[in-house]
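All of these numbers come straight from a predicted model, not from anything done at the bench. The basis for the numbers below is simple: all heavy atoms, side chains too, and nothing from hydrogens, waters or symmetry mates. Throughout, protein chains are lettered first and strands after them, A, B, ... in sequence-line order, and every chain is numbered starting at 1.
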Amino acid sequence: MNKELEHSFVELLEKHQNIVHKVCRLYTNNYDAHNDLFQEITIQLWRAYPKFRGDSKFSTWMYRVGLNTAITLYRKSKRSIKTTEFDTVQFKIKAEDYDDTEEQQLKLLYQAVHQLNDIEKALVFLYLEDKNYKEISETMGITEVNARVKMNRVKTKLRTILNP
Amino acid sequence: MDELDLLKKHWQSDGVEDKHITTKDIYPMLLKKSSSIVKTLFYISIAELIFWILVNTLPLFFSDSYNQKLNEMYGDGIVMPILAFLSYAVILVFVYLLFKSYKGISVTDSAKKLMENILKTRKVIKYYVIYNLIMAFLSMLVGFYYAFKNDPNIKTVFQDAESGTFIVTAIVLILFTGLFVLVIWLFYRLIYGILLRRLNRNYKELKKLEV
């Protein structure tokens with residue numbers, strides 16, 4: 001593959017890396033596994049990149065490849081040795097917004113999201129990324145109605161986890 | 001406020017990344033090898049193709065007595081070439097089907113489509129294994145039949161023995177062959193069961209939504 005293509009890909013990935021980090025955060029619970037999944041998503045993105053036509057946004061295209069890798073393609077490699085689990089607080093609330101109760105609530109919410117299954121996490125991820133139901137249904141390969149129904153069920157499930 | 005909306009508020013504004021990856025970090029990543037399930041499946045299918053080809057052909061190359069026995073048993077020199085031709089044709093068909101289904105796997109498809117395509121590839125491998133196991137079962141039985149019919153040593157043994165011995169021996173041989181095939185089949189089920197456990201679980205979850 002030519003250098004120009006490689007360069008443009010690396011630049012785009014560096015710019016949008018937050019998406020990949022977020023996927024990794026949802027699907028792994030320690031630093032080694034996070035890095036390992038990040039690596040695998042990068043490889044999959046790079047392999048698919050020559051076919052990326054630019055008719056969709058790079059970020060939208062990344063959601064699909066990232067989630068597909070996390071849900072379907074990724075196999076824990078030997079590199080990912082289990083080390084200390086993440087601190088459950090994933091969000092550094094900005095100083096001016098800081099609210100102790102809110103931080104506590106977020107912590108519990110994040111723990112609850114981690115208890116969901118792979119598909120439910122994918123739906124939550126796309127919802128958090130502010131994707132509409134059409135995009136969610138296209139990414140997952142289900143109908144829009146089913147995406148809505150499932151999302152409501154996930155919300156109920158989260159509520160049950162939070163208030164048993 | 002909805003619980004998820006609270007999370008969303010922070011999710012959007014917050015930089016989750018605590019380790020910013022620079023372009024310098026990304027370049028070496030592009031050279032690393034993938035450890036994806038498709039790659040593992042690909043290696044397994046290649047190993048299976050080679051394994052069964054070797055099982056079918058190695059004795060022909062390395063054992064003269066085996067060749068001689070085959071010629072004696074199937075005699076006329078027509079059956080063996082036809083069988084060999086058919087088995088190579090079947091292998092070629094499987095290679096083509098595997099190649100086609102691997103080409104169909106795309107990481108940019110929807111999650112469900114991607115899973116379906118991987119499961120389709122796994123099915124091709126499954127059919128190849130079933131074909132080989134059936135062939136192994138049949139050729140063992142046919143081998144035993146011809147051995148009983150044409151091998152002079154075996155013939156003498158059974159001529160001297162009581163009539164029931166032959167039937168008992170035949171039943172034991174069939175059961176033994178069946179057991180052998182069953183053990184190999186269970187072994188495959190175990191390997192694929194472990195490898196595709198997560199994929200199957202997620203695929204079922206997506207399918208469940210359609211009901």
Nearest non-hydrogen partners of Leu30(B) and Glu6(A), listed with the distance: CD1-CG, 3.7 Å
Check: Leu114(B) and Leu73(A) side chains under 4.5 Å, non-hydrogen atoms: yes
Which atoms of Ile118(B) approach chain A - backbone, side chain, both or neither, heavy atom under 4.5 Å: side chain
Side chain proximity check, Glu205(B) to Lys150(A), heavy atoms < 4.5 angstrom: yes
Test item: Met115(B) and Ile71(A) side chains (from C-beta on) under 4.5 Å apart, heavy atoms: yes
Thr72(A) versus chain B, the contacting section by heavy-atom distance below 4.5 Å: both
salt_bridge(Lys39(B), Glu40(A)) N-O dist < 4.0 Å: no
Side-chain heavy-atom pair Ile142(A), Leu206(B) within 4.5 angstrom cut-off: yes
Per-residue contact mode, Thr40(B) against chain A (heavy atom under 4.5 angstrom): side chain
Asn68(A) versus Val107(B), closest heavy-atom pair with distance: ND2-O, 2.8 Å
Lys157(A) NZ: over 12 foreign heavy atoms closer than 6.0 Å: yes
Minimum side-chain heavy-atom gap Leu209(B)-Met140(A) below 4.5 Å: no
Minimum-distance pair of heavy atoms, taken over all atoms of Ala48(A) and Thr108(B): CB-CG2, 4.1 Å
Heavy-atom pair with the smallest gap, counting every atom of Arg64(A) and Ser110(B): NH1-N, 3.6 Å
Under 3.5 Å donor-acceptor, Gln17(A) side chain and His20(B) backbone: no
Heavy-atom side-chain contact between Lys51(A) and Ser106(B) under 4.5 Å: no
Chain B contact via Val154(A) - side chain, backbone, both or neither, heavy atoms under 4.5 Å: neither
Residue part contacting chain A, namely of Leu199(B), when any heavy atom lies under 4.5 Å: side chain
Which atoms of Glu120(A) approach chain B - backbone, side chain, both or neither, heavy atom under 4.5 Å: side chain
Considering all heavy atoms, the nearest Lys155(A)-Leu4(B) contact: CG-CD1, 3.9 Å
Asp118(A) side chain vs Asn202(B) backbone, donor-acceptor pair below 3.5 Å: no
Crowding at CZ, Arg159(A) (>12 non-hydrogen neighbours, <6.0 Å): yes
Contact class of Leu195(B) relative to chain A, heavy atoms under 4.5 angstrom: side chain
Asp25(B) portion near chain A, given a 4.5 angstrom heavy-atom threshold: neither
Trp46(A) vs Met29(B) side-chain heavy atoms within contact, under 4.5 Å: no
Flag side-chain contact, heavy atom, 4.5 Å: Asp5(B) against Tyr127(A): yes
Nearest heavy atoms of Tyr27(A) and Arg198(B), plus distance in Å: CD2-NH2, 4.4 Å
Mutual orientation of the aromatic rings belonging to Tyr27(B) and His7(A) [parallel < 30°, tilted 30-60°, perpendicular > 60°]: parallel
